[in-house]
Structures are given as C-alpha cells and as structure tokens.
Amino acid sequence: MENADYTVALSTVISLAGLWALWAFLYRDYCVDSFRQRMFDLRDSLFDLARSEENDLKFSDPAYGQLRSTLNGLIRFAHRVSWIQFVALILATKGPATESASYERRWSQSLKLKSAATQEHLNAMRSAAHILLLRHIVLGSPLLTLTILPAVFVMYWASKAASVLNRPLVQIDSAALSAGSL
Amino acid sequence: MAESVGVVAETLIRWGALVLIARYVFLTVQSLSGETTIADIGVRFLANVRVSEAVAWILAGTSTFYGLRQRKLRKDTIEREHGRVQELEQALDPGRTSSTLTTRGTTRPEDK
C-alpha cells in the first residue's frame, strides 16, 4: 500500500470510529434528552391546565392523574423506546387488544365527568404526546430519519400547496359550472 | 418480549458496527505486515496529514467538547432548579406524581 493510500485508509477508519461513538452514545442520549424536555413541557401545560380556574379540571381528577402518570412513564422509560421495539410491539400485539382496550375504557370513563372543552384539551394533549413519541422513534434512528423525514417534508408542502390552490380551483369550478349550464 | 427483542436487536446493531470498523482497522494493518514498524506507521501518518484535514479534525474535536460542556451546563441547571420546582408544584398539588428521573434529569441506574 502506498503512503498516501495508507494515510487515507487509517484516517477514514478513525473517522468512522468517531462517527460510531457519536451515533452510539452522544446522538442517542441527545434524542432521549430532547424527547424528555418536550414531554416535560407538555406535562407542565397539563399542570397549568389543572391549576387554572378557567376550566373544570382538578388535580384530584382521574383524567388528570391518568394522563400525568402516562406522561411520567413515557419520560421515565424514554431511553428504551426505539423503532425496533415499536415494530416488535406491533407484531406482539396482533391478537385481541385487551390491554389497550382497558386503557381506552379507563380514559373514556375519566373524561366523562368533564366538560366538552376540558375533554378536548386533554385529548389534544394526549395526541401531542403520541406525536412526540413518534417523532422520538423516527429521529432516534438515522435510517428512519433519512427515509421518513423527506417523505413527511414532501407531504407537508403538498398539503400546503393544496390549501393555497383550493380557492382559485373552486372559482374555476364555479365559472365552469356557469358556462356549462348555458 | 417485544422489549427484549428490541434491546437485543439494538445491541447487535450498535456493537456490530464497531466490530465492522475494527475489522477494517485489522485489514488496514494486516496489509502492512512484514513491511513496516509501529514507528514507521506513526511517522508516515503525521507526514501525510494535510493542513485542511488537521483543521477539520480540530474542528470536530472542539465541537464535540463544546457540546459535552453545554450538556453538563444544562444538567447542572436542572439539578439547581429541580428542588424548587418540585416544592412549588407540591404546594399546589400535594398528590403530585413524578417521572422519578435523577436530580440531573438522567435515567435512574435501576431503570437502565
């Protein structure tokens, strides 16, 4: 091997080792910390909702307790969530959904006694937690980040473009209808 | 079961990549066997490093160091504020539940 080839090979291998360390330890830890920070923000919003006197949610309500405990659990075990486990969970829970049905039943009963506005707030917070969880799963894997994020980016701008184009298209439809009815 | 499968698969991917890199190191060194000494390797490597590559290495190293220091600063801040937030929230909600992370916002050793 020539001197230059050797230097390039060794330099590349050292760089690969550095990239591996960055991915295996630092990036993974950052993803977990970032997810936890966003979940803490969501939990703080839930706390402020219960503290506020503008709605009927109280700290002693089962709905508050269930959602807060759920958020606590997601924060506590954020380091164990990954796309591999998510896929394994999907495959493992293909049968009758007893555990998830039990959670939903308990959630519905907790919400029953609350006003429509409070129910909407709490359901929105639960949805926000799910979105953060999916974001954590995707960003925690460089492979998913490189494949799914571009698709999400394209879909987002396509929906934006569709909403911008909708009004002129409706106007054209209206003019066409008038012309077609003559 | 799903969690166990996930942990095993993740461990395999993480450490399998390192094994692959180690193999490349071995192959690189093996190609030089019988032709050179460790001293030669060191001298040749240093003699062939270009200024631009050296600057890139310095940038990568200092950026990593900066990130690690910022992370430490963030955890120090969490540790400083943690008790106060907990006390104030418990004054409003005596039944306040916790995520049970450490006071520095990290995973508890028993949960790893």
Side-chain angles (χ1 to χ4, degrees), chain A residues 1 3-26 28-30 32-33 36-37 39-40 43-44 47 50-51 58-60 64-65 68-69 71-93 141, chain B residues 1-10 12-15 17-18 20-29 31-32 35-36 40-41 43-50 53 56-57 60-61 64 67-68 71 74-75 78 85 89 92-101 105-108 111-112:
Chain A
M1 191 186 275
N3 277 352
D5 291 342
Y6 163 77
T7 305
V8 169
L10 194 59
S11 179
T12 302
V13 167
I14 293 172
S15 300
L16 280 175
L19 279 173
W20 173 84
L22 189 72
W23 163 70
F25 300 106
L26 299 181
R28 182 81 186 129
D29 283 352
Y30 164 74
V32 171
D33 288 346
R36 282 177 171 158
Q37 182 58 47
M39 291 298 285
F40 275 125
R43 199 183 73 168
D44 287 347
F47 182 88
R51 187 171 64 112
K58 302 284 174 281
F59 292 121
S60 53
Y64 175 82
R68 187 178 172 102
S69 294
L71 296 179
N72 282 339
L74 286 171
I75 290 168
R76 182 177 172 186
F77 292 108
H79 60 290
R80 291 196 190 173
V81 175
S82 71
W83 71 272
I84 296 172
Q85 291 186 13
F86 192 64
V87 169
L89 194 62
I90 290 171
L91 296 173
T93 56
S141 161
Chain B
M1 171 74 175
E3 195 177 318
S4 305
V5 167
V7 168
V8 168
E10 270 183 60
L12 276 173
I13 292 171
R14 181 185 290 197
W15 296 102
L18 187 62
L20 200 63
I21 292 168
R23 183 173 179 272
Y24 289 138
V25 172
F26 170 74
L27 289 174
T28 304
V29 173
S31 71
L32 296 167
E35 295 175 15
T36 187
D40 285 339
I41 291 171
V43 168
R44 287 183 193 182
F45 183 77
L46 290 172
N48 280 288
V49 171
R50 289 187 286 269
E53 286 174 5
W57 275 104
T64 303
L68 290 171
R71 187 173 75 166
R74 183 175 56 81
K75 289 183 179 176
I78 290 171
V85 169
E89 286 192 357
L92 293 169
D93 175 18
R96 178 187 183 277
T97 55
S98 168
S99 60
T100 70
L101 296 180
T106 56
T107 307
R108 292 191 312 170
D111 286 339
K112 285 185 180 171

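Predicted model, so just to flag it, every value in this text is computed and none were measured. Labels below follow one simple rule: chain letters A, B, ... track the order of the sequence lines, proteins then strands, and each chain is numbered from 1.
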Original post:
Is the A:Phe59 to A:Phe47 ring centre distance short of 6.0 Å?
Top reply: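 Between A:Phe47 and A:Phe59, which both carry aromatic rings, the centre distance is below 6.0 Å.
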
Subject >> Residues which pass side-chain hydrogen bond (donor to acceptor under 3.5 Å, both in side chains) with A:Asp44, listed by chain and number, not counting sequence neighbours >> reply: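 In terms of side-chain hydrogen bond (donor to acceptor under 3.5 Å, both in side chains), with neighbours along the sequence ignored, A:Asp44 is linked to no residue.
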
Subject >> Pairs of heavy atoms under 4.5 Å with chain B: top-ranked of A:Ala17, A:Gly18, A:Ala50, A:Ala24 >> reply: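 That would be A:Ala24.
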
**OP:** Could you tell me whether a side-chain N or O of A:Trp23 sits under 3.5 Å from a main-chain N or O of A:Ser141, the two making a donor and an acceptor?
**Re:**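 Such a contact is absent between A:Trp23 side chain and A:Ser141 backbone.
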
Original post:
Can you check whether A:Ile75's main-chain N or O pairs, donor with acceptor, with A:Arg36's side chain at less than 3.5 Å?
Top reply: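 Side chain of A:Arg36 to backbone of A:Ile75, a donor-acceptor pair under 3.5 Å: yes, one is there.
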
In terms of heavy-atom proximity below 4.5 Å to chain A, should [X] be classed as side chain, backbone, both, or neither?
{"X": "B:Ser98", "result": "backbone"}
{"X": "B:Thr100", "result": "side chain"}
{"X": "B:Leu92", "result": "both"}
{"X": "B:Ile13", "result": "both"}

Original post:
Of the backbone (N, CA, C, O) and the side chain (C-beta and beyond), which part of A:Phe40 lies under 4.5 Å from a heavy atom of chain B, both, or neither?
Top reply: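 The side chain, not the backbone.
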
Original post:
Tell me, side chain or backbone of A:Ser15 under 4.5 Å from chain B's heavy atoms, or both, or neither?
Top reply: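 Backbone plus side chain of A:Ser15, per the 4.5 Å heavy-atom cut-off to chain B.
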
**OP:** Kindly give the heavy-atom pair with the smallest separation between B:Ser99 and A:Asn72, and that separation in Å.
**Re:**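 Nearest pair, atom of B:Ser99 first, then A:Asn72: N-OD1, 3.5 Å.
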
Original post:
Does any donor atom in the side chain of A:Arg80 or B:Thr107 lie under 3.5 Å from an acceptor atom in the other side chain?
Top reply: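 No.
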
